[in-house]
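Scroll down for the structure; my scribbles are underneath it.
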Amino acid sequence: MSIVHETVQSLFTELNIDTNHSSFALHKLAATDSKYLKDLKLNVLTVLNKNTSLTKKEALLLAICVAANDRNEVLAAGLEQLALANEATMEEISEMYALTSLMNTNNIFYRFKHYFQDNTIYNNTPAGLRMNIMMNPVTGKAFFELASLMVSALNNCEMCIKSHEASVKQHGVTEHKIFESVRLVGVIKSLIEVL
Amino acid sequence: MNKVISVGSQFPEFKKIAVSANALIADAPGKEFETISNAVHTASGQWMVMFWWPKDFTFVCPTEIASFNNAYGEFSDRDTVLIGASTDSEFVHLAWRRDHEDLRGLKFPMLADTSKSLADELGILQADEKIAYRATYIVDPQGIIRWVNINDLSVGRNVDEVLRVLDALQTDELCPCNWKKGEETLTTQMANN
């Protein structure tokens, strides 16, 4: 049963989500006409559309990483159409899924190692893991690193976040752009929590 | 005295006739052969494993070649072009493939270094007979030799060892997550590569 609520419906339309989509949380918020719905909608539209450093395409690709990280196919499908309409290619979109998957390995594996920095076995044994998609990313090294940083932020790996943040800046990405990116992934994550 | 081209060197430029993988089902004369150059792997950004044997129609070789062939999928999973080579001519290669049951289904080309120029440049020609030692090369997508192994004429190879080395070469910890105290420069270098 679709949600009869103007704010919800306009958000769905903006994100290219099926207007019949429904969720337990959204139903609850709509039924009580929660003020939060307007905040959520405006936050989402702000992080996708009101950036000064991130382009629309970059914002959408980062949002796809959040959807991929939480396996939210409803949001991912809508974002994909928007990204394609904003000059993203299918290869670039696909790379966001590859990157998000790989970073889940790294965020778990390295976070564990980081907890035990004095352990010589954990820290000196070669990982033996393939990470070749990092070599020549189709989205370019700077953006690939930025997206990797964002997935690390989503997955709460402190050292991954710190090392990628340094690496992203080495690739010439401004702190302002990193700021807009992390604001975006935080908001898209909050959307997924109720979607 | 041989001067072997070793790890870190550019693999020599080559352009040679080879018996192509599907030579035995070629539908016209001449289609059994193809010209192979360095571009066979560099153009597509792949790795190359090239392995040499001394002579066609000898006993150890087909077993060894068949074991490389059995691992063909393992190499292609690792974005690696597999090439067999000897100083025999393409016609001898083709005759051998037709003759030996284990060689009919080969999935990789057999390179014919008939002039021996490549084997000579690689420094793998045995002095008396001017035939190639059992040399194996792993070459990265940039054309740099990353591993060399040379066995004497009679010593067979272990394909699993080649795959082990290939895996080790291909699994750099490229992610900045691998950052450790005191290793900032290494991470910086990797990030800038």
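All chains are named by letter (A, B, ...) in the order of the sequence lines, taking the proteins before the strands, and each is independently numbered beginning at 1.
Open room surrounds CD on A:Glu87; 12 or fewer heavy atoms of other groups in view lie less than 6.0 Å from it. No more than 12 heavy atoms of other residues, nucleotides or ligands sit less than 6.0 Å from atom CG of A:Asn136. In B:Lys116, the NZ atom is crowded: over 12 heavy atoms of neighbouring residues, nucleotides or ligands sit closer than 6.0 Å. Annotation for A:Glu175: atom CD does not count as buried by contact number, only 12 or fewer foreign heavy atoms lying within 6.0 Å.
Nearest approach of B:Thr171 to A:Leu129, heavy atoms of both residues: CB-O, 3.3 Å. When all heavy atoms of A:Asn132 and B:Gln170 are compared, the closest pair comes out as OD1-O, 3.2 Å.
A search for side-chain contact (heavy atoms from CB on, under 4.5 Å) contacts involving A:Thr52 returns A:His176, A:Glu180, not counting sequence neighbours.
A:His114 places a side-chain N or O within 3.5 Å of a backbone atom of B:Cys177 that can act as its donor or acceptor partner.
For the pair A:Met103 and B:Cys175, the minimum side-chain heavy-atom distance is below 4.5 Å.
For the atom pair CE (A:Met131) and CG (B:Asn178), the distance works out to 7.0 Å, reported to the nearest 0.5 Å.
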